[in-house]
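Right, one structure below, let's go through it.
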There are 2 protein chains.
Amino acid sequence: MDITDYKSRRNKILQSIVELYLEDAVPVSSRAVVRHARLNVSSATVRNIMSELEELGLIQQPHTSAGRIPSDKGYRYYVNSVMQRRPLTREETVYIDKLAKNWCRQIERVVEPTIQILTSLTNYCGAISFPRIEKTGFKRLELVPISRNRVLAVLITTSGFVRNVFIELDHELEDSELLRISNFLNSELTSLNFDDIENFLLRKTLEIQDSFYFLFKEATQILEDLIHATHERIVLEGISKMIRQPEFQDVECGRRFLSAIEQKNTLLEMFMKGAEGGAVKVYIGDESAHSGFYDCSIVISPYQVLGKAIGALGVIGPKRMDYAKAVSVVEYVAHKLSGFLDEGDIF
Amino acid sequence: MDITDYKSRRNKILQSIVELYLEDAVPVSSRAVVRHARLNVSSATVRNIMSELEELGLIQQPHTSAGRIPSDKGYRYYVNSVMQRRPLTREETVYIDKLAKNWCRQIERVVEPTIQILTSLTNYCGAISFPRIEKTGFKRLELVPISRNRVLAVLITTSGFVRNVFIELDHELEDSELLRISNFLNSELTSLNFDDIENFLLRKTLEIQDSFYFLFKEATQILEDLIHATHERIVLEGISKMIRQPEFQDVECGRRFLSAIEQKNTLLEMFMKGAEGGAVKVYIGDESAHSGFYDCSIVISPYQVLGKAIGALGVIGPKRMDYAKAVSVVEYVAHKLSGFLDEGDIF
DNA sequence: CTTTAGCACTCGATTCATGAGAGTGCTAAT
DNA sequence: ATTAGCACTCTCATGAATCGAGTGCTAAAG
């Protein structure tokens, strides 16, 4: 038996351990591996290999004379090198497509069906961060005069989302002046990124002619207010499904988890990080930096508009999660959502 | 000793039992009552009265030779007849006033600080239902043409909230026609209630002159879309605080609770009911109709605009909650929020 | 040299008995 | 009507005994 055969058998056994543990949340014995992996060897042989795997730090024993469970390192190795991508089943894609029909150009109407997909299909917590307006493009601005020095600013982004904010102006403005501002911005900024817009405005401030200066200052203020109006947000659901997972039988473990997911800032930060780069990311246990997620793993994918990540979505499950399935679902949903957002050009 | 003295002593003992149980979540013994209620009688006397209270169904024993805990009926009696209103402390009002400064004319910006107040001050779950637009008044409508047959409708309500929706028109409309529609609606509907508006439109449909008919139909469609755009919603936070209460030591109990609060529909329904009438309502255990809340009590108050309830806010705590405090906090916050909404006339 | 049958050993989980302690209910005395 | 006193009940914590799943090691077999 040459070396690759030998290695592949070891992988097979690791795979069995991960998958059996995923099913039952009970330490896996050598006999169970034999049955599951259909290797034509005895449990004693498997035991030998298992102790190698343990020396490598890929699996561990909760106590002598118990079966083995994967270590964090073991999960990592499994995800990187052993796990096989499992394509979604027909039912799953049908279900996703059905719920995705409910998406429409209103943030809440995107968030809710999406989370529903994630939680129902995985039975873990589903989460999605709101699209970051700075990463998306300017489409159109309307200024509705409300009273002497109060204006309702309505902003439409390239992906078709609307954001509005009441603005107190420093000076009273004529309706015609308001119109001049919005015309100016609409002509200058179309399709610019908000990141770029802030630069653009700064640059422009220097070269602007005097008569226009006041208006321009107001315009800048309005845009700034709009861009920073809604602070970043993240929504998460499916707690009750998650808490039914056997690891949360332990009360303390459950409480730790609940505290962790209520810290929306930390969660959001993690999703921001998950939105960098293009691919699905998997954080296993401690890798997610927040100690409350020690027993969990997180699968995150960015979603994009015109190739630019503007947010992230994913699932938070027990470390013992069905990575293959989670990755497939998250990936597919993110892809589909990105497609939807790209069609946002409704003009 | 005459009968009222006798009754008052019984009440005092019930009160002690409720309050001691509130503190420690441990069945209350006769000795503890003696100490707490400062009655100049022996524990044996208290024991006699306690067995009367038990016969009345106000308290119960988890098992022979344990102390007593209040029954649902006991809590009810306590809330109705024994509990003394406790005014908020200086710190509490200061805290509330400080957070209420963050309120502004954007629903999310009202919801979040409010929930924060409720959860921090009570250590239970805080919840608030979104304002129901049907119960509030029409202030202003803007129609922004987006493309040939697509319009962004922006609606401002009397309490200063904004709602917008994209509308696909059945026919292409000129900008001037759009203007005519919005002018018409703005002049006719000002300050009408949305409930009334739907009637008004129905009535008007019959007497409208032909030339205007098409526009009018479009207008009706737009308003309908706006009114029903956002489905009712409710937000709840503070789960991790709640789950730290000793009754949720029991895993099953915690899971039941978590399942219950994830059923947003049921929760919302309850809050709708809680928004009827003007006063704070207390639902104890089973009274809240949803079995998942069997171990919980709910304190709800409507919040109003111009005397009309448009939503509800409250806390969900263990049955063994500090009713006096919860009622005070919920009442004060609801009152303050109503005041804020009444100032919504920003024109 | 690899594989395996066999067996002793380990350790968690379960069961049962025991005792302590908290609290009651009842009775008889005040 | 109240209370001291006491027997009784039930939970909870502790510890011993047992069971069984699973391992690691050894020696034999392929």
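Just so you know, these numbers use all the heavy atoms, side chains as well, and skip hydrogens, waters and symmetry mates. Throughout, a chain's letter reflects where its sequence line sits, starting with A, and its residues are numbered from 1. What you are looking at is a predicted structure, and each value in this text was computed from that prediction instead of being measured.
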* Structure fact -> Rounded to whole Å, the CE-C1' distance (M50(B) to dT3(D)) equals 16 Å
* Asked: Between A44(A) and V26(A), which has a closest nucleotide on DNA chain D that is more 5'?
  -> V26(A)
* Under 4.0 angstrom, heavy atoms only, what part of the nucleic acid is S43(B) near: base, sugar-phosphate, or nothing? -> nothing
* May I have the distance from R47(A) (atom CZ) to dT4(C) (atom C1'), rounded to whole angstrom? => 10 Å
* **Value in whole Å for how far the P atom of dT24(C) lies from CD1 of I49(B)** => 13 Å
* So does S29(A) get a side-chain nitrogen or oxygen closer than 4.0 Å to the phosphate oxygens (OP1/OP2) of dA21(D)? -> no
* Just to confirm, is there a sub-4.0 Å distance from OP1 or OP2 of dT3(C) to any side-chain nitrogen or oxygen of R9(A)? -> yes
* Asked: Mind checking whether Y323(A) and Y75(A) have parallel, tilted or perpendicular rings, split at 30° and 60°?
  -> tilted
* Asked: Q61(B) has an atom CD; how far is it from atom P of dC10(D), in whole Å?
  -> 10 Å
* Structure fact -> Per atom distances to the S65(A) side chain, the nearest of dG25(C), dG22(D), dT2(D) is dG22(D)
* Under 4.0 Å between a side-chain N or O of S30(B) and OP1 or OP2 of dT24(C)? -> yes
* Answer yes or no: are there more than 12 heavy-atom neighbours, outside E55(A) itself, under 6.0 Å from its atom CD? => no
* Nearest-Å distance for atom pair CZ/P, residues R31(B) and dA4(D) -> 12 Å
* Structure fact -> To the nearest angstrom, the CD-C1' distance between E54(A) and dG22(D) comes to 13 Å
* Separation of R68(A) atom CZ from dC11(C) atom P, in whole Å? -> 14 Å
* Quickly work out the E52(A) CD to dG24(D) C1' distance and round it to whole Å. => 14 Å
* Asked: Relative to the 5' end of DNA chain C, which residue comes earlier, A66(B) or T64(A), by the nucleotide with the nearest heavy atom?
  -> T64(A)
* Cut-off 3.5 Å, side chains only: do N11(A) and Y77(A) have a donor facing an acceptor? -> yes
* Most 5' of P27(B) and H63(A) on DNA chain C, judged by nearest nucleotide -> H63(A)
* Is the Lys NZ or Arg CZ of K319(B) less than 6.0 Å from the centre of Y294(B)'s six-membered ring, within 45° of the axis? -> yes
* Asked: How about N80(B): does its CG atom have over 12 heavy atoms from other parts shown lying under 6.0 Å from it?
  -> yes
